[in-house]
Q: 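This is the structure I want to talk about, given as structure tokens.
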Number of protein chains: 2
Amino acid sequence: MQSVDSPANPVSTVDTAFEILELIHANEGATLLSLADDLDLAKSTIHRHLQTLLHRQYIVRDGDQYYLSLRFLEFGRQAQTRKKGYPMVEEKVKELAEETGERVQFIVEEHGQAVYVYRETGSHAVQTDPGIGKRIPIHTTSAGKAILAHLEEDYVEQIFDHYGLAALTDFTETDEDALFEEFERIRDRGYSINEQENVEGLHALGTTVHDEHGDVLGAISISGPSHRMKGKLFEEELPNLLLGTANEVELNIVHS
Amino acid sequence: MQSVDSPANPVSTVDTAFEILELIHANEGATLLSLADDLDLAKSTIHRHLQTLLHRQYIVRDGDQYYLSLRFLEFGRQAQTRKKGYPMVEEKVKELAEETGERVQFIVEEHGQAVYVYRETGSHAVQTDPGIGKRIPIHTTSAGKAILAHLEEDYVEQIFDHYGLAALTDFTETDEDALFEEFERIRDRGYSINEQENVEGLHALGTTVHDEHGDVLGAISISGPSHRMKGKLFEEELPNLLLGTANEVELNIVHS
DNA sequence: TTCAAGGTTCCGCATACTCGAATACATACT
DNA sequence: AGTATGTATTCGAGTATGCGGAACCTTGAA
């Protein structure tokens, strides 16, 4: 994770601006006054910031509410399609969702967290969608574990040190040594398994996608309700489909 | 358009930060030095800014290149789904694309420009996709014209004054009076027509979607190559489909 | 008519942003 | 090996500029 540590002297004004944006995001809209209250800054200060952001078109105003603008979508889309492999993954994610009928996702590691980059929910998929772009603790997802298993150990330890190992359900693995052992099994097996470590009643399988240099791009996962995800399907058929898809993607990436 | 005029005294440090982000976006990645050159700022200044943005996870670093992070995707998605009507439109856009086989888009007016919010490219749609989130002059698209036809005239004039009336092709209408007359016809007819005003060889139809208070949410458009988009299809069948879809969406929005 | 909630403007002061030079680290070329 | 080039990082000083606070404005509800 790049730059875990706070910079020696950050540009605090920029910090303030993003704190404003993050608050607007968290509350899905905010007023000048509520921002001044929450951030303990003078109204006039917030006002100046909002005017600046408004002028640069990063926020929009509707009456006395300020909202994030669609400008961010443009930035986000660039991040989402930055590496040439990403769009190729997207296609395959769709295909896999159609084939299996379950929810298929593509997750990328960024700043030590798992970020949802693509998702396709097959015909009978469940609805527990953390939105695209959302970030969650990386050790709690099948795709995240698959990624960790293929990153440098030093880096993984940095991540754990920085974020800790939170438990999202009773089944979340929070022991560091156990995780590192699991990573070994994941490398051997080729894919990772998640049984309710993230959401109760949800099972998932994940496997990494590598770029032409062998670096990890991210990981694809298939997830569905525990009662469906079991037996031969969960232990053989889906893993094979998943690994096959990852393989196809990697072939596409190399030959392009 | 809210706040056309520059604020009296903007927070210039915030301006700097976003100029950095916009440069990274424009160049799809940048180095510290290139940023310092382009912005005429000291290396150390850029460095401090980058460190701040890195720490807040708005950019990522790969070697000596800095890129926009997926964080913006989260912000962008919020903007994209902010109004409850948007997701409903998305569904219908997909349906319409499937039915017609052409490219169907949903466009919203923001800060006086047309922003692409959703797109579905039907089976035999052409590939001239300005990305989702991209902004273009609003008077050059069918959807944009439909929106303008339903906004307050004062506001529309403000937009024209601010951005001017650029021509994207030889067919772009750049005469203000002619546009206002066209808006009247659009209101009468219920939908707008675009014949190569935006991209050579591309025809399109657009119509607005209103929310429960009658305010304009945005507009849906169907577009395709001129050789296909003509005759009865272009003058009757597609307009009817389009208007029907817009109507369905509005009914959904009211009853929810 | 007043009050409250929201936004806007203005000015003086001290903070903190910017600069520039020095340092460091790779990689590539000779 | 040695030099050059492109890159990032650190530090101290000076001053531009961001911040606070008070006054003012608007709107809508009591």
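Throughout, protein chains are lettered first and strands after them, A, B, ... in sequence-line order, and every chain is numbered starting at 1. The basis for the numbers below is simple: all heavy atoms, side chains too, and nothing from hydrogens, waters or symmetry mates.
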Q: Round to the nearest Å and state the distance from A/Ile46 atom CD1 to D/dG18 atom C1'.
A: 12 Å
Q: Any donor-acceptor pair, under 3.5 Å, between the side chain of A/Thr45 and the base of D/dG18, if you only look at N and O atoms?
A: no
Q: Once you round it to whole Å, what is the distance between C1' of C/dG7 and CD1 of A/Ile59?
A: 13 Å
Q: Any side-chain N or O of B/Arg61 under 4.0 Å from OP1/OP2 of D/dT9?
A: yes
Q: If I take atom CG in residue B/Asp64 and atom P in nucleotide D/dT9, what distance separates them, rounded to the nearest angstrom?
A: 10 Å
Q: Rounded to the nearest 0.5 Å, what's the gap from CG on B/Leu179 to CD1 on B/Ile186? Could you check?
A: 8.5 Å
Q: Could you tell me the separation between the CD1 atom of A/Ile20 and the P atom of C/dG7, rounded to a whole number of Å?
A: 12 Å
Q: Between B/Ser12 and D/dG18, is there a contact of a side-chain N or O with OP1 or OP2 at under 4.0 Å?
A: yes
Q: C/dC17, OP1 or OP2 - any side-chain N/O from B/His49 closer than 4.0 Å?
A: no
Q: Measuring to OP1 and OP2 of C/dC17, would you say a side-chain N or O of B/Thr13 lies under 4.0 angstrom away?
A: no
Q: So which one's nearest nucleotide on DNA chain D is more toward 5', A/Lys43 or A/Asp40?
A: A/Asp40
Q: If you draw a 6.0 Å radius around CD in A/Glu212, do more than 12 non-hydrogen atoms from other residues or ligands fall strictly inside?
A: yes
Q: Which of the following nucleotides, D/dG6, D/dG18, C/dG7, is nearest to the side chain of A/Arg48?
A: D/dG18
Q: Is A/Ser44 side chain donor-acceptor paired with the D/dG20 base, going by distance under 3.5 Å alone?
A: yes
Q: Check the distance between C/dA5's C1' and A/Leu35's CG and give it to me in whole angstrom.
A: 14 Å
Q: Is there a donor in the side chain of B/Gln80 and an acceptor in the side chain of B/Arg77, or the other way round, less than 3.5 Å apart?
A: yes
Q: Mind calculating the distance between CG (A/Asp15) and P (C/dC17) to the nearest angstrom?
A: 9 Å
Q: Has B/His47 got a side-chain N or O lying under 4.0 Å from the OP1 or OP2 atom of D/dT9?
A: yes
Q: Can you tell me how the ring of B/Phe160 sits relative to the ring of B/His139, calling it parallel under 30°, perpendicular over 60° and tilted otherwise?
A: perpendicular
Q: Compare the minimum distances between each of C/dT18, D/dG20, D/dT9 and the side chain of B/Tyr66, then state the nucleotide with the smallest one.
A: D/dT9
Q: Please figure out whether B/Ala42 or A/Ser34 has its closest DNA chain C nucleotide nearer the 5' end.
A: A/Ser34
Q: Roughly how many Å is it from CG in A/Leu33 to C1' in D/dG28, rounded to a whole number?
A: 16 Å
Q: Specify the separation, in whole Å, of atom CG of B/Leu41 and atom P of C/dT18.
A: 7 Å
Q: I'd like to know if B/Arg56 and A/Glu22 make a salt bridge, using a cut-off of under 4.0 Å between side-chain N and carboxylate O.
A: yes
